[in-house]
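Working notes, structure below.
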Amino acid sequence: MLLDISNLTVKYPSRHGEFTALKDVTLTLEAGEILGLVGESGAGKSTVGNAVIGLLAKPGFVDHGRITLTGQQLVGRPEPEMELLRGARVGMIFQDPMTSLNPLETVGWQLCETIMLHKHCTRRAARTHAIDMMESVGIRDAGERFDHYPHQFSGGMRQRVVIALAICGDPDVIIADEPTTALDVSVQSTILDLLRTICRERGVGMILVTHDMGVIAEVADRVAVMYRGEVVEVGKTREILTAPQHKYTQSLISAVPRADVKIERFPLISYIEDAGTPDLARLKARWTKPKGAQSDIALSVRDMSVEFITQRAWTGRKSKVFRAVQSVSFDIPRGTTLGIVGESGSGKSTIARTIAGIYQPAEGEVTLNGMSLTKASTRDAKLRRRDLQMIFQDPYSSLNARMRVQQIIAEPILFQKGRAARDEAMRTADDLLDIVGLGGAAGRKFPHEFSGGQRQRISIARALATGANFIICDEPTSALDVSIQAQLLNLLKDLQQELGLTLLFISHDLPVVRQMCDRVCVMKKGVIVEQQETEQLFASPQHAYSQQLLALAPKLLR
Amino acid sequence: MLKLILNRLAHSVVVMLAVALIAFSMVAFLGDPISNMVGQDTTVAERAALRENLGLNDPLPVQFVRFLSHAVQGDFGLSYSLRVPVSELFAERMPATLELSIISAIFALLIGIPLGIHTAINRDSFTTQAILSSSLVGVSLPTFLIGILLILIFGVMLRWLPTFGRGDVVMIGGWSTGLLTSSGLRSLVLPVATLTIFQLTLIIRLVRAEMMEVLRTDFIKFARARGIRRKALNYRHALKNTMMPVITVVGLQLGNIIAFSLITESVFQWPGMGLLFVQAIGNADIPVMVAYLMIIALIFVLINLIVDLLHFVLDPRLHSSGAN
């Protein structure tokens, strides 16, 4: 046995007493094996990895239990000895390749530094070894790229550098903490392939920490499911995915959006926080019908292009521009949902922001409820955009931390109706909080007192506050756990049904798009390569890129 | 690189022109230069002739261009009160101010950066608390008070060090330096100490804050996870990433020290530009004030240029092309 963790208990002392992050965790890992560690945020899966490598965030400590690496006990080893083990016996790969490398030094320098440390060799020998390492993790022209800085690599290539750094000391165990979460699906699958190859060829044991069941299904030999600091189930990947024994595992797996069939509602994990049912009848009563021409098309975009100036012109010379979006056109019928999918940098968020008026289009026309937004005076366009609201991706930065929730929701109402409507606005805010399942009392609290999912509910309440009937959702659930995601998507579906909302739903997650959208646009490099009814797209994608995206998306069962 | 330098130089020229315009309007609109130059018994005809001679009847743009061309050559006219060319006055005084400011900045960096690192790494240790609270005292006391206290202790009570002037100076090609004589060096100690204490607090706290920020980043954690030793981590990885904002602030502060060292110079009767400027205000000596304004602006512009170039050299993200 390579790594043996038994009864590991980690505690964090705090002002309100001790918090137990891990409780009697027992796991084993063989050489050449990939052990998946899944669970939702706060389950303690990263803490296991940090404990093994001896980098527990302060003031956390191992209360009791053993971590044995080929017979050597790691718990309680003094820091100087742990320092010698790191990189040489235990390696680690982090989530975000953008921030894992020192931005001021070349990739080669960072590799050589690490190799010289572990192999005690000359700089010249280290250089040769580093170039070999870079080649073995699939970096082409390694000799040339040796002298490049991290920012000159793409996200996927950077993660390869990170992997090279993690394995260049020949560790026996690698802890990969969400190694592909920050990457696009096509890059994700190549990195997962690389990790698997490394484990097989070098006989390295890997603990793969992730929240993504798809990733687990793809590469893990065995899976351990964690819930609130405890391992609730361990077993072969296939067995766990097809026949989960523990109730939590069952609900966790059922909450993962499926790419293969469309279902009406997402199954909920009753295990986690209670959602509360929205009181929709009351909401409907106060809902105002969209103003203006009653066309069937809620939003229409014609030949819209968006440009960014990358290099400003001096006199005479033309500015260099980057076309983020190239003449896209689509219509969204009232009461339906249009999805936009694509990898990062494909321009999908730019479309959302241009419709919302954050960017100005270079060309083309945007029409909301039959009224043009682009061919109107700034003032008129502002008035017309009142029917449009936006929900952002990051529930942590999209709410003002110094305002109470009630004020946050009431703000758009006050902005439209003036100070006089203050009492009414506050009442509406309380009602909305009730409707999204947080309860009116939540209005007195500040955003930091809520979890990510609850904050996203607040964002939805804010978007609904002015009675808007068109809502742009820019990756609304990509920062959330699957159980919370399921609740939130259900809420959006219910609201849409009751209020006839029209949604523009932007996401990189194909299964989610399948469950939420009526039509889907697939974007690549600023262009819509395919626009199709959802069912048809998933059944028979026409464009090569759509086929590729669908094929690469991790599947739970294959 | 060349493009950046040209770009920054163009910015600098614009800034200098704007300052020159302000300086010129001081000459043109503050008081009558003729009555400042001549005695009471000069006749009206003589005054008019002088006015014509000096070109004061020309249109303002012409006068401005003439002012510029003179300024570029370092010619700011005669001092009203001292009756000597302003350029000579500054050539005499500038070395004193620059030596004082730059030496104090070097000391502040040499002491401040290690202390900042120490307080960032050993966050809650006793020495950290001691350094932080005593540095707070340093910034709370105004410079003149520190100067006077130093004079009192080391000059008056202990009689170790001189309390005013530069001591003996040596001329090296038009630059008078106090660094080569023992009395010159001894004279430097107290004013340099005063200015160093003033700058030290900011540097310690800035380095500490930046360093703590960098130590929290992922790449430091990743470096630890692959076994990089503590020392290399702190001094090779973290320190370099800490230096960017430190360079910016230290550059601006050096400009401030040079421009506003007049308090320290007054306290120590240091024969620098600051002291000259204070006297010029007292005598309404406009040519001296104009020259001071232009020189200080030039120093700021130059320091900022150097700071930009240092950033450019240190940060590869500014000089190597982006992701491909």
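Letters A, B, ... are given to chains in the order of the sequence lines, protein chains preceding strands, and every chain is numbered from 1. What's counted below: heavy atoms across the whole structure, side chains too, no hydrogens, waters or symmetry copies.
Cation-pi contact between B/Arg66 and B/Phe64: absent, since separation from the ring centre below 6.0 Å together with deviation from the ring axis within 45° is not met. Remark: B/Arg317 fails to qualify as a cation-pi partner of A/Tyr149 under the 6.0 Å distance and 45° angle criteria applied to the six-membered ring.
The greatest number of non-hydrogen atom pairs below 4.5 Å with chain B, out of A/Ile53, A/Asn50, A/Leu55, is found for A/Leu55. Between chain B and the residues A/Glu113, A/Glu105, A/His118, A/Met92, the most heavy-atom pairs under 4.5 angstrom are made by A/Glu113. Counting heavy-atom pairs under 4.5 Å between each of B/Ile220, B/Val214, B/Asp315, B/Asn241 and chain A puts B/Asn241 at the top.
For B/Leu314, the part sitting under 4.5 Å from any heavy atom of chain A is the backbone (N, CA, C, O) and nothing else. Contact annotation for A/Leu165: both backbone and side-chain heavy atoms come within less than 4.5 Å of a heavy atom of chain B. A/Gln110 touches chain B through backbone and side chain together, each having a heavy atom under 4.5 Å away. Using a 4.5 Å cut-off between heavy atoms, A/Val162 touches chain B through backbone and side chain atoms alike.
B/His70 is not listed as a side-chain neighbour of B/Phe76, based on a closest heavy-atom distance of 4.5 Å or more.
B/His311 and B/Thr248 share a side-chain donor-acceptor pair at under 3.5 Å. Between A/His148 and A/Thr106, the side chains place no donor N or O within less than 3.5 Å of an acceptor N or O (distance only, hydrogens not considered).
For the side-chain contact (heavy atoms from CB on, under 4.5 Å) with B/Val207, the qualifying choice from B/Leu109, B/Val249, B/Ile117 is B/Ile117, the only one to do so.
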